[in-house]
There are 2 protein chains.
Amino acid sequence: MPRETLTKDQIIRTAVDLLDDEGLEGLNMRSLGKRLGTVATAVYWHVKNKDDLVLLAGDRVWQEIELPDLAAVDWRTAATRMATGLHAMLARHPWLVQAFGSYVFYGPGKSRYDDHSLAVYEAGGFAGAEADRAAGAVFTFVLGNAMGTAAMASLTRRLGRGGGNPGELLRDVMAKATEIAMPFPRLRSRLIAPGEYGEAPEGTFEHGLQALLDGLEARLAARRVATGRSTTPAEN
Amino acid sequence: MPRETLTKDQIIRTAVDLLDDEGLEGLNMRSLGKRLGTVATAVYWHVKNKDDLVLLAGDRVWQEIELPDLAAVDWRTAATRMATGLHAMLARHPWLVQAFGSYVFYGPGKSRYDDHSLAVYEAGGFAGAEADRAAGAVFTFVLGNAMGTAAMASLTRRLGRGGGNPGELLRDVMAKATEIAMPFPRLRSRLIAPGEYGEAPEGTFEHGLQALLDGLEARLAARRVATGRSTTPAEN
DNA sequence: CGCATGAGTTGAACTAAGTGCAAGAGCACC
DNA sequence: GGTGCTCTTGCACTTAGTTCAACTCATGCG
């Protein structure tokens with residue numbers, strides 16, 4: 001039996017697990033080494049450095065997203081599935097959202113997603129740069145939406161780390177936020193009657209996404225009328 | 001003459017400057033101390049810790065955004081100004097976008113912005129939770145859009161730090177990205193003919209923003225028709 | 001006038017974490 | 001059995017957040 005040896009793939013998988021559990025700030029080479037049953041420096045044989053590892057881990061998770069079959073569903077359904085698939089992936093891996101601010105991801109996993117995303121909008125009749133802009137706008141919206149979740153996840157982890165009751169600490173933070181919002185009438189009314197406004201965040205995401213797609217579709221229709229093209233999307 | 005002494009405000013202003021220059025990962029207590037003409041530990045008298053400092057700096061910059069006068073412009077113009085004002089602020093302070101993934105901001109600066117944002121959509125006829133969702137969707141879109149800029153700024157800084165010619169290193173990264181994109185037909189076509197697709201990022205932002213506002217406005221109009229309300233926004 | 005007090009500063013030092021280096025350990029092939 | 005390659009390991013260096021106790025100054029009080 002050959003010596004138990006590390007593989008790059010195993011390292012990346014373990015890094016993803018660790019990132020899911022501990023967040024971006026919780027990933028460090030020593031605890032990664034421990035989780036792999038070895039030491040931090042062993043990892044450096046397989047991976048250039050920590051940044052490289054984050055890039056690798058941050059590209060792998062894109063493979064989890066299922067790409068809709070464009071022959072089977074209409075473009076709008078496909079676009080919605082692409083967006084919600086990304087949304088769900090980012091919710092599973094909030095550290096990726098954090099990393100997005102500090103790293104430029106351009107690996108095969110993200111390329112696969114991006115390419116299919118363009119395919120969806122082209123199938124919808126968006127041509128060339130129009131497809132780019134539409135895909136970019138939706139991507140942007142989903143990403144921005146995930147930031148709130150990521151920040152919240154990071155906060156609860158932070159509170160958990162410092163000893164003490166996390167629930168209680170969270171209540172303290174909420175109380176302080178309420179106090180700060182008091183001088184502002186609209187924020188205050190929402191804090192006082194949260195039941196009236198507070199809504200499943202998912203509903204907000206879905207609503208915003210459909211509004212954006214409506215807007216994009218309307219611009220597409222307007223363009224078609226102006227150029228006298230048929231309303232049937234181009235065959236692909 | 002009294003002894004030269006630090007103030008909290010001075011520390012926050014210097015921290016913002018340092019963050020603008022060096023990014024979130026470039027902020028450290030020692031260099032902040034140096035920039036203040038003193039040492040790292042002196043800062044701890046005025047600020048609890050680094051997280052606290054980031055929160056303070058990250059709230060202050062919201063004050064830079066000029067809030068449109070709702071009596072002077074229609075809601076759609078106001079909404080656009082709110083969004084572009086935020087967009088410009090985030091472009092000036094890309095570190096804030098990075099921080100958004102890891103911190104929950106809820107200070108007076110952001111509250112001021114959020115409250116006015118709600119006011120804008122309420123003036124447009126969005127009621128209660130509708131205004132929340134509309135404001136949230138636009139905020140989300142602007143934030144997501146800023147992430148790309150932030151990542152790019154972070155990358156160029158990173159390349160600059162490691163010695164060597166940053167321009168050349170950036171070209172290397174581009175080359176690698178191109179190589180990775182090769183298997184994907186749509187990405188490849190865009191990389192081969194960038195002039196045809198590549199566009200001022202500002203145009204993309206403006207386009208996506210207006211599409212989103214179109215979509216939100218259309219939903220508002222639909223709601224109004226359904227409930228038989230007048231199309232005149234409620235007086236505020 | 002002198003001193004006690006408290007605000008603010010400083011340097012030393014501890015800890016965690018990223019990473020380079022050189023020595024070692026197992027395995028395969030000659 | 002040796003030679004070389006792959007991979008692992010411990011040591012050590014560095015940067016950075018943070019604590020602590022000692023120090024300095026200005027001010028107010030007796």
Side-chain angles (χ1 to χ4, degrees), chain A residues 1-15 18-19 21-58 95 98-99 102-103 154-155 157-164, chain B residues 1-15 18-19 21-58 95 98-99 102-103 154-155 157-164:
Chain A
M1 171 176 88
R3 173 164 63 147
E4 286 266 347
T5 198
L6 250 35
T7 65
K8 193 166 177 171
D9 190 71
Q10 180 192 18
I11 290 173
I12 297 172
R13 267 184 295 114
T14 310
L18 191 61
L19 284 162
D21 290 351
E22 312 282 353
L24 190 59
E25 62 274 1
L27 173 71
N28 68 70
M29 302 306 265
R30 290 182 224 263
S31 55
L32 177 63
K34 191 165 288 173
R35 207 176 259 230
L36 286 162
T38 171
V39 290
T41 47
V43 176
Y44 282 87
W45 179 261
H46 305 273
V47 159
K48 192 146 59 62
N49 52 32
K50 190 182 172 178
D51 286 354
D52 189 31
L53 179 63
V54 171
L55 250 20
L56 255 16
W95 50 270
Q98 296 180 260
S102 307
Y103 298 87
S154 188
L155 175 68
R157 252 199 314 277
R158 202 179 291 261
L159 294 178
R161 242 193 279 288
Chain B
M1 173 175 89
R3 174 163 62 148
E4 287 266 348
T5 199
L6 249 36
T7 66
K8 192 167 178 173
D9 190 70
Q10 183 194 170
I11 289 173
I12 297 172
R13 268 184 294 116
T14 310
L18 192 67
L19 284 161
D21 290 351
E22 312 282 352
L24 191 58
E25 61 275 0
L27 173 71
N28 70 69
M29 303 306 264
R30 288 182 226 265
S31 54
L32 177 62
K34 191 165 289 174
R35 206 175 258 230
L36 285 162
T38 171
V39 290
T41 47
V43 176
Y44 282 86
W45 181 261
H46 304 272
V47 158
K48 191 144 62 62
N49 52 32
K50 189 182 172 177
D51 286 354
D52 189 31
L53 180 62
V54 171
L55 251 18
L56 255 13
W95 50 270
Q98 296 179 261
S102 308
Y103 298 86
S154 187
L155 175 67
R157 250 199 315 276
R158 201 180 294 260
L159 294 178
R161 243 194 279 288

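Proteins come first, then strands; the chains are lettered A, B, ... in the order of their sequence lines, and each starts at number 1.
Here A:Leu27 lies in heavy-atom contact (under 4.0 Å) with sugar-phosphate atoms only. B:Leu36 comes within contact range of no nucleotide atom at all, as no heavy-atom separation falls under 4.0 Å.
B:Arg13 pairs by the salt bridge (charged side-chain N to carboxylate O under 4.0 Å, His left out) definition with B:Asp9, not counting sequence neighbours. Take A:Lys34 and apply the side-chain contact (heavy atoms from CB on, under 4.5 Å) test, not counting sequence neighbours, and it matches no residue. Applying the side-chain contact (heavy atoms from CB on, under 4.5 Å) test to A:Leu55 and every residue at least two apart in sequence or in another chain returns A:Tyr103, A:Phe105. Scored by the side-chain hydrogen bond (donor to acceptor under 3.5 Å, both in side chains) test, B:Arg157 finds no partners at all (sequence neighbours excluded). Here B:Asp21 pairs with B:Arg35 under the side-chain hydrogen bond (donor to acceptor under 3.5 Å, both in side chains) rule; sequence neighbours left out. Checked against side-chain hydrogen bond (donor to acceptor under 3.5 Å, both in side chains), B:Ser31 has the following partners two or more places apart in sequence or in another chain: B:Asn28. In this structure A:Glu22 satisfies the side-chain hydrogen bond (donor to acceptor under 3.5 Å, both in side chains) test with no other residue, sequence neighbours excluded.
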Evaluate side-chain contact (heavy atoms from CB on, under 4.5 Å) for B:Leu53 paired with B:Leu32, printing each intermediate quantity in order. CA-CA 11 Å; B:Leu53 180 62; B:Leu32 177 62; 3.4 Å; yes
Protein-nucleic acid N or O pairs under 3.5 Å, nucleotides 11-14 of chain C:
residue : atom : partner : partner atom : Å
C:dG11  : O6   : B:Thr41 : OG1          : 3.3

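Distance, A:Leu24 CG to C:dA17 P: 14 Å, rounded to whole Å. Distance CD (A:Glu22) to C1' (C:dA16): 15 Å, rounded to an integer number of Å. For the pair B:Glu25 CD and D:dT15 P, the computed distance is 17 Å after rounding to whole Å. Note: CE (B:Met29) to P (C:dT9) measures 13 Å, nearest angstrom. One can place CG of B:Asn28 at 15 Å from C1' of C:dA17, the figure rounded to the nearest angstrom. Across the protein-nucleic acid pair, A:Leu6 atom CG and D:dT9 atom P stand 9 Å apart, rounded to whole Å. Protein atom CZ of B:Arg158 is 13 Å distant from nucleotide atom P of C:dG18, rounded to whole Å.
Residue B:Lys8 holds its NZ atom at 5.0 Å from CG of B:Leu56, rounded to the nearest 0.5 Å. To the nearest 0.5 Å, atom CG of residue A:Leu18 and atom CG of residue A:Leu27 are 5.5 Å apart.
Proximity of B:Thr5 to the phosphate of C:dT9: a side-chain N or O atom is located under 4.0 Å from OP1 or OP2.
Each end of the helix from C:dC1-D:dG30 to C:dC30-D:dG1 yields a helix axis from five base pairs, and these two axes differ in direction by 20° (to the nearest 10 degrees).
Proximity of residues 42-57 of chain B to DNA chain D (heavy atom under 4.0 angstrom from any strand atom) is restricted to B:Tyr44, B:Asn49, B:Lys50.
Annotation: side-chain hydrogen bond (donor to acceptor under 3.5 Å, both in side chains) contacts involving residues 38-48 of chain A, sequence neighbours excluded, are absent.
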